[in-house]
Structures are given as structure tokens and as C-alpha cells.
Amino acid sequence: MTITPLSDLVKTLADELKVLSKVTDDMHHIVCDDCARENLHDENFVKAVQSIDHTTQILENLSQFLALLAHETPEDWHLDVGRPLDSVRLGALKHRLVHNHALVLYDPGSAGEVDLF
């Protein structure tokens, strides 16, 4: 049994969605900056770029909604998340959900080496 405060879980989900929104926005800028001029006449390209932008907006809105919802959730409400966690295949994500730690994005301005996989 894995018991967690509902407010913490909702806040963690909000943080995860915020990170995904940022990552998606970064992809949007890469796609648009690299080849937008050459592909503006391509209807499929334009639809894909618009889809990335729309996805970014949805993720950001859901993040904000859940962050506000977390503040409204009574702190004494707890859930057993053991069974739902069994469905999460990504180990790092599962760890963050259990331990209420949000994903931290790589900061390209920081010093260090790049890990490629």
C-alpha cells in the first residue's frame, strides 16, 4: 500500500504537466525556427506546427488547473496510489509520483557534460 496526500499528488501532476508544456514549447520553437520558411506552403507541416502549439497550451492550462486544485484539496485527504502506480512504466516518473518530486529540466546555460542515450 502506497498512501499519499491527494493535494501532494495533484501538485506533482501539475508540475509534470508544466514541464511537458515547456518541453513541447521547446520542440515547437525548434520545428518553427529550423524549417518554417521552407514549409509554410505545406499544409501538413502547418497543421503539425499548430498541433504542437495547441498541445502546449492544453498542457499549460491543465497544469495551472491542477496547481490551483491542489491548493483547494484538503490536506487530510489521502489516497492509496499503489495499484495506479503499477500502470506507470517509466521508473523515474513513478518515483516522482510517489515522492512528490517534479522533473527538473536541463538548463543549457549550466556547466556540465551532455548525456546522450
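The structure displayed is predicted, hence computed values, not measured ones.
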Discussion item. Looking at Lys47, is its backbone amide N or carbonyl O close enough to the side chain of Ser51 to form a donor-acceptor pair, meaning the two atoms are under 3.5 Å apart?
Written reply: no
Discussion item. Let me confirm one number: the OG1-NZ distance from Thr56 to Lys22, rounded to the nearest 0.5 Å.
Written reply: 10.0 Å
Fill in: Co-members of the apolar cluster containing Met1 [side chain, <4.5 Å]
Ile3
Practice prompt. Without swapping roles, check the side chain of Thr24 against the backbone of Leu20 for a donor-acceptor pair under 3.5 Å.
Written response: yes
Discussion item. Side chains of Gln57 and Asn61 only: does a donor on one sit below 3.5 Å from an acceptor on the other?
Written reply: no
Worksheet item: Are more than 12 heavy atoms from other residues, nucleotides or ligands located less than 6.0 Å from atom NE2 of His78?
Response: yes
Item to complete: Output the distance between atom CG (Asp25) and atom OG1 (Thr55), rounded to the nearest 0.5 Å.
Response: 11.5 Å
Discussion item. Please identify which of these residues, Thr12, Leu66, Ile58, meets the side chain to side chain contact (heavy atoms under 4.5 Å, CB included) condition with Leu17.
Written reply: Leu66
Worksheet item: Between NE2 of His54 and NE2 of His28, what distance do you get to the nearest 0.5 Å?
Response: 12.0 Å
Discussion item. Within this structure, what is the OG-NE2 distance for the pair Ser7 and His71, rounded to the nearest 0.5 Å?
Written reply: 9.5 Å
Worksheet item: Where the side chain of Ser63 meets the backbone of Ala14, is there a donor-acceptor pair that is under 3.5 Å apart?
Response: yes
Item to complete: Can you measure from NZ (Lys94) to CG (Leu97) and round to the nearest 0.5 angstrom?
Response: 9.5 Å
Worksheet item: If Ile, Leu, Val, Met, Phe, Trp and Tyr residues are connected whenever their side-chain heavy atoms lie under 4.5 Å apart, and connections chain through other members, are Val10 and Leu68 in the same group?
Response: no
Worksheet entry | Point-to-point distance, once rounded to the nearest 0.5 Å, from CD of Glu75 to CG of Asp8 | 8.0 Å
